[in-house]
2 protein chains.
Amino acid sequence: MKLSDKVIAAIKKDISSGRLKKGTKIPAEPELMEVYQVGRSTIREAIKTLSIAGILKVQQGSGTFVASKVKDESLTQRLRRAEFEEVNTVRAVLENEMVRLACENRKAADLDRMMELLEQRQKAITANQQKKCADADIAFHISIAKASGNQVLADLYENFSLVLLDFFSKREQSIEHFQRSQPAHEGLAAAIAKQDDKSAEQYLKSILHHNY
Amino acid sequence: MKLSDKVIAAIKKDISSGRLKKGTKIPAEPELMEVYQVGRSTIREAIKTLSIAGILKVQQGSGTFVASKVKDESLTQRLRRAEFEEVNTVRAVLENEMVRLACENRKAADLDRMMELLEQRQKAITANQQKKCADADIAFHISIAKASGNQVLADLYENFSLVLLDFFSKREQSIEHFQRSQPAHEGLAAAIAKQDDKSAEQYLKSILHHNY
DNA sequence: TTTAATTTAAACATCTGATGTATGGATGGT
DNA sequence: ACCATCCATACATCAGATGTTTAAATTAAA
């Protein structure tokens with residue numbers, strides 16, 4: 001087995017695992033040399049083969065890019081699971097506190113804002129607009145953070161929401177997923193309105209678990 | 001107000017909000033022109049100012065990079081109202097999870113780092129150096145965040161620590177305060193080392209309450 | 001209205017880093 | 001010894017980034 005074949009397999013694996021997505025630029029040859037601990041000729045041999053196969057596309061002066069997907073579903077799920085757990089853990093910690101405080105301190109204006117965003121979420125679902133859906137979803141949770149009355153917590157969550165947005169975009173969340181969790185979101189809003197912290201906690205739990 | 005000042009504010013905001021992290025390359029001038037809808041001179045004027053201020057660092061032929069972190073204005077502003085309660089609430093939420101996870105996942109290297117920072121904290125106390133003391137204190141808690149094994153949580157806490165630093169400086173924490181809480185910090189580190197989450201929780205409670 | 005500062009636009013230089021190409025040497029199996 | 005493989009180096013070529021200069025258009029102030 002030639003060395004370049006090992007590199008080919010490694011690059012293919014990186015593509016199928018999701019570390020290298022379609023359209024993304026792969027590392028430059030010098031960097032690949034360090035990563036795979038081989039000479040430049042070997043790297044170029046591998047790239048040439050993958051390029052002929054249509055998997056990669058090279059552009060002189062610019063770089064080499066992934067031209068096609070090589071999907072391995074089970075593997076991508078497993079590899080993203082670690083990062084996924086981390087994000088969800090942090091999210092759960094923040095949202096639990098947010099919801100608890102929101103039940104105590106929510107004002108009428110907060111409830112209006114929450115309902116408004118829930119409507120936007122539903123509209124985006126029926127219109128099959130995924131990005132708007134994710135935006136509305138996160139905006140809704142931010143509105144809960146603000147309703148908590150703790151501005152520091154709200155600012156921190158707003159910062160964290162950037163991570164969530166990036167996270168959603170990577171996961172390719174289906175509209176169906178948002179559809180399924182819509183009732184839980186409405187229940188959560190209602191519980192906060194009624195200041196029923198026990199019920200709110202249950203709905204939140206449901207929302208967070210729907211992510212699995 | 002000059003147009004370039006608006007661009008400066010926008011870039012600063014992007015940095016403080018975390019959209020642009022330290023060390024990352026900011027978009028090239030042509031792209032910034034599109035994003036902010038201004039000419040190249042304006043972009044360059046803004047970049048020049050931020051570069052002189054040490055916030056950005058330009059490298060010809062390569063790009064412009066973020067050189068330093070910027071404190072989140074909205075967060076520091078809240079502190080002026082002396083709403084320490086809010087800060088402590090958020091801190092408690094984050095640290096509780098951090099400590100819980102650190103007890104499970106701490107590696108030997110994490111424990112070494114923690115002990116090293118505790119020594120620095122003690123040295124700063126005996127040397128009566130308040131700033132170094134606060135730095136070591138926060139660095140210690142950051143090391144716990146990293147020991148949790150949750151990179152997302154660690155990043156979030158590191159961002160939040162900027163608020164804590166400001167918090168300490170405004171409160172004029174005395175050296176005596178740090179001295180009093182040193183045993184609790186050492187106890188916390190020992191508990192994490194022994195993976196005794198119950199004990200760790202108690203020490204953390206003590207540390208957080210010492211802030212009042 | 002005139003004047004000056006600001007902003008824009010374009011052209012070109014320069015630097016960095018990417019791939020393309022060529023060559024020689026080291027290595028290991030046949 | 002032969003030969004395919006691999007490594008190392010140098011240089012060419014291309015793309016894209018910032019640096020610089022200049023002129024025109026726009027805006028604000030005198």
Side-chain angles (χ1 to χ4, degrees), chain A residues 1-70, chain B residues 1-70:
Chain A
M1 190 187 205
K2 293 206 289 185
L3 244 185
S4 58
D5 289 333
K6 289 184 182 177
V7 176
I8 289 175
I11 293 177
K12 270 189 179 176
K13 186 180 174 187
D14 280 346
I15 295 175
S16 70
S17 72
R19 277 188 289 267
L20 294 176
K21 277 176 286 185
K22 181 178 178 181
T24 61
K25 180 177 164 185
I26 74 173
E29 290 170 354
E31 190 170 341
L32 291 174
M33 288 167 62
E34 283 190 4
V35 171
Y36 299 118
Q37 286 294 301
V38 295
R40 195 180 166 204
S41 318
T42 309
I43 293 291
R44 289 186 60 77
E45 174 67 23
I47 289 179
K48 186 183 176 186
T49 301
L50 289 171
S51 174
I52 292 174
I55 295 176
L56 295 181
K57 182 161 285 188
V58 291
Q59 291 181 9
Q60 181 180 158
S62 176
T64 304
F65 303 82
V66 179
S68 77
K69 289 182 186 176
V70 181
Chain B
M1 189 186 204
K2 294 206 289 186
L3 244 185
S4 58
D5 288 334
K6 289 185 182 176
V7 176
I8 289 174
I11 293 178
K12 269 189 178 176
K13 187 180 175 188
D14 280 347
I15 296 176
S16 70
S17 73
R19 277 186 287 270
L20 294 176
K21 275 177 278 186
K22 182 178 177 180
T24 62
K25 179 177 165 184
I26 74 173
E29 290 170 355
E31 189 170 342
L32 292 174
M33 289 167 62
E34 283 190 4
V35 171
Y36 299 119
Q37 287 295 301
V38 295
R40 195 181 166 203
S41 313
T42 309
I43 293 292
R44 288 184 61 75
E45 174 67 22
I47 289 179
K48 186 183 176 186
T49 301
L50 289 172
S51 174
I52 292 174
I55 295 176
L56 295 180
K57 183 163 284 186
V58 291
Q59 290 181 9
Q60 181 179 160
S62 175
T64 303
F65 303 81
V66 179
S68 76
K69 293 180 182 176
V70 176

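Nothing here was measured: the structure is a model prediction, and the numbers come from that model.
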Walking DNA chain D from its 5' end, the first of B:Arg44 and B:Ser41 to be reached, judged by nearest nucleotide, is B:Arg44

note: B:Leu56, atom CG; D:dA17, atom C1'; distance rounded to Å ~ 15 Å

Testing D:dT13, D:dG19, D:dT5 for proximity to the side chain of B:Gln60, the answer is D:dG19

CG of B:Leu50 to OG1 of B:Thr64, rounded to nearest 0.5 Å, is 10.0 Å

Between CD of A:Glu29 and P of D:dT13 the distance, given in whole Å, is 17 Å

Picking from C:dT8, C:dT19, D:dG19, the nucleotide nearest the side-chain atoms of A:Thr64 would be C:dT19

Taken to the nearest whole Å, CD1/A:Ile8 to P/D:dT5 is 13 Å

query = For the side chain of A:Arg40 and the base of C:dT21, is some donor closer than 3.5 Å to an acceptor across the two?
reply = yes

| query | Does B:Lys25 use its side chain to pair, donor to acceptor, with the backbone of B:Ser62 at less than 3.5 Å? | reply | yes

Taken to the nearest whole Å, CD/A:Glu31 to C1'/C:dT19 is 15 Å

On a heavy-atom basis, the closest approach of A:Ala46 and A:Ser4 is CB-O, 3.7 Å

To the nearest angstrom, the CE-C1' distance between B:Met33 and D:dA17 comes to 14 Å

Taken to the nearest whole Å, CD1/B:Ile26 to P/D:dG16 is 18 Å

| Do B:Val58 and B:Lys48 have side chains that get closer than 4.5 Å, going by heavy atoms? | no

Minimal heavy-atom distance between A:Lys21 and A:Val66, with the atoms involved, is O-CB, 3.5 Å

Note: for A:Lys25 and B:Gly39 on DNA chain C, the residue whose nearest nucleotide lies more 5' is B:Gly39

Which part of the nucleic acid, if any, lies within reach of A:Gly61 when heavy atoms closer than 4.0 Å are counted: base, sugar-phosphate only, or nothing? base

Item to complete: Determine: side-chain N/O of B:Thr42 to OP1/OP2 of C:dT6, distance under 4.0 Å, yes or no.
Response: no

Of A:Ser4 and A:Gln59, the one whose closest nucleotide on DNA chain D sits nearer the 5' end is A:Ser4

note: B:Lys2, atom NZ; D:dA28, atom C1'; distance rounded to Å ~ 14 Å

Rounded to whole Å, the CD1-C1' distance (B:Ile43 to D:dG19) equals 16 Å

Of the candidates D:dA15, C:dT16, C:dG20, the side chain of A:Val58 sits closest to C:dG20

